[in-house]
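Numbers restart at 1 for each chain; the letters A, B, ... are given by sequence-line order, proteins then strands. Quick note: numbers below take in every heavy atom, side chains included, and nothing from hydrogens, waters or symmetry partners.
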Number of protein chains: 2
Amino acid sequence: MSAKVAEFNNWQAVHDEVLRRLHSRQWKPGELIPNEVELAQEFGCARPTVNRALRALADAGLLDRRRKAGTRVAMHPVRKATLEIPIIRLEIEGKGQKYAYKLLHTSQQSPTEILCKQFPLTNTQPILYLNALHYADQKPYMYEVRWVNLAALPQITDVDFTKISANEWLVMNAPFTKGDISFSAAPASVNEAKELDIPVGNAVFIVDRTTWYEGDVITSVRQVFFPDYAMNTVI
Amino acid sequence: MSAKVAEFNNWQAVHDEVLRRLHSRQWKPGELIPNEVELAQEFGCARPTVNRALRALADAGLLDRRRKAGTRVAMHPVRKATLEIPIIRLEIEGKGQKYAYKLLHTSQQSPTEILCKQFPLTNTQPILYLNALHYADQKPYMYEVRWVNLAALPQITDVDFTKISANEWLVMNAPFTKGDISFSAAPASVNEAKELDIPVGNAVFIVDRTTWYEGDVITSVRQVFFPDYAMNTVI
DNA sequence: ATATTTATTATGTATGTACATAATATTTCA
DNA sequence: TGAAATATTATGTACATACATAATAAATAT
């Protein structure tokens, strides 16, 4: 068995060698690379082994693959970052800080005309509104304004949200199939400033997130963070 | 062939059924699920087919798997979002706006003591500083302050950054193995406000990003966006 | 009773063969 | 010449069998 055959006799080794060729520009963006049969012969392994390596690179956004059309180097490689919907209590405690939570407001009301236009809601079905504050070491950390679609989660009316945040309950109990997220900056409104105990107009980091289960909207939340917050991730 | 056997005779069908059981809480967070042999018997397919389905769910963050230990439902499912380092020109043109770019400043200097402490740089090797403005429809869109490690990318000194942005050149020419990203909000500083033509102290969205190739730092950039910017993604 | 060694278990992966199928190329027909 | 039909190609996936190996359980030795 030659050194070369031994060298690439597993999908990770094939994966790494292809990646090296991508990074060194041996294969350039947009370029068609050798097909699986050719690569299997070159690497001395089976075609499904090459398939497994190339699929992983395609999943990572570095290759584009289509049946018959072949495998091309991606023009603009995209990368996936891990983004989780954090349980805010664990995020705060993970920073070594003491967590506290206050439910500010809750009510059931018909959704507004605007919401009915934006989401698959009907104004005959009430939705649950919840506003809350999360504290870290007795300082405001994040203020959230949320509504929940009761048609999608009728059992949520049984939950005591003075004891657990909607954020935590939903992460633990409400699976979702899709989440739309938007990150932005804004000056704190009069109300946001009051709740976070900061001057009106201070720059705040905002996360708007809507989660869906199949075609049903589950919940939509606007989270306004205290001014020193930064969200970190890795790609 | 029974309906059941036909029903789950491919990895996607197995994947979807397992996902249904996770979402319906038939299998609860932390719980051990049946092993691959058992599931293969139940679904009437081969063990590698079940393996493929469960691996995909583990990659998605919904299951935790270890040899011998088995497969458990993840306690806190994380989800991956696609985050790309955008070519700003394409992002602006994608919004139907006209792109323009101005290189404000470039120089080669030794890195500061602070940078040498934070990154694997030496103060005998100069780094390339580049500040630039990106415009959309003749309005400032994003102001960026960047440095590039010349030890990692010596060929960059040949590039004319009055004609192409560092952002675009680096995405096209500098592969990376890791990127650290931070999103935050801040009041625009005097300099940032001047370059973006906004009042000092206005809330701006900030992206800080450092990319690495193996152990070498490649570039670090702070991007300050015009106040109406929002970054959207899907999980 | 505890530490060490050995056995077992469950996941990880490779293979060759085979079939499926999306996409492209070529051929045929009008 | 262009449309439709057919052929071809390259990726997608299933399988049975086999082997690899990390992790846990059980057995053995002290």
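Applying the salt bridge (Lys or Arg N to Asp or Glu O under 4.0 Å) criterion to A:Lys163, with sequence neighbours excluded, gives A:Asp160. With sequence neighbours left out, the salt bridge (Lys or Arg N to Asp or Glu O under 4.0 Å) criterion links A:Arg20 to A:Glu17. In terms of the ring-ring contact (aromatic ring centres under 6.0 Å, His included) criterion, residue partners of A:Tyr213 (sequence neighbours excluded) are, by chain and number, B:His23. Applying the side chain to side chain contact (heavy atoms under 4.5 Å, CB included) test to A:Pro111 and every residue at least two apart in sequence or in another chain returns A:Leu115, A:Cys116, A:Leu121, A:Ile127. Every residue meeting the salt bridge (Lys or Arg N to Asp or Glu O under 4.0 Å) condition with B:Arg47, not counting sequence neighbours, appears here in chain and number order: B:Glu36. With sequence neighbours left out, the ring-ring contact (aromatic ring centres under 6.0 Å, His included) criterion links A:Phe176 to no other residue. Applying the salt bridge (Lys or Arg N to Asp or Glu O under 4.0 Å) rule to B:Glu31 yields no partners; only residues at least two apart in sequence or on another chain are considered. Annotation: ring-ring contact (aromatic ring centres under 6.0 Å, His included) contacts of B:Tyr141 (sequence neighbours excluded): B:Tyr229.
Contacts between residues 60-67 of chain B and DNA chain D, counted as heavy-atom distances below 4.0 Å, involve B:Arg66, B:Arg67. Residues of residues 28-37 of chain B having a heavy atom closer than 4.0 Å to DNA chain C, listed by number: B:Asn35, B:Glu36.
B:Arg47 comes within 4.0 angstrom of a base, heavy atoms only.
For the pair A:Trp11 and A:Ala69, nearest-nucleotide mapping onto DNA chain C gives the more 5' position to A:Trp11.
Here the range on DNA chain D touched by chain A, meaning any atom under 4.0 Å from one of its heavy atoms, is D:dT8 to D:dT13.
Phosphate proximity of C:dT13 to A:Thr49: absent, as no side-chain N or O sits under 4.0 Å from OP1 or OP2.
Sparse packing is recorded around CD of B:Gln138, with 12 or fewer heavy atoms of other residues, nucleotides or ligands lying under 6.0 Å away.
Listed by first and then second residue, the side chain to side chain donor-acceptor pair (under 3.5 Å) pairs involving residues 52-64 of chain B are B:Asn51-B:Arg55 (not counting sequence neighbours).
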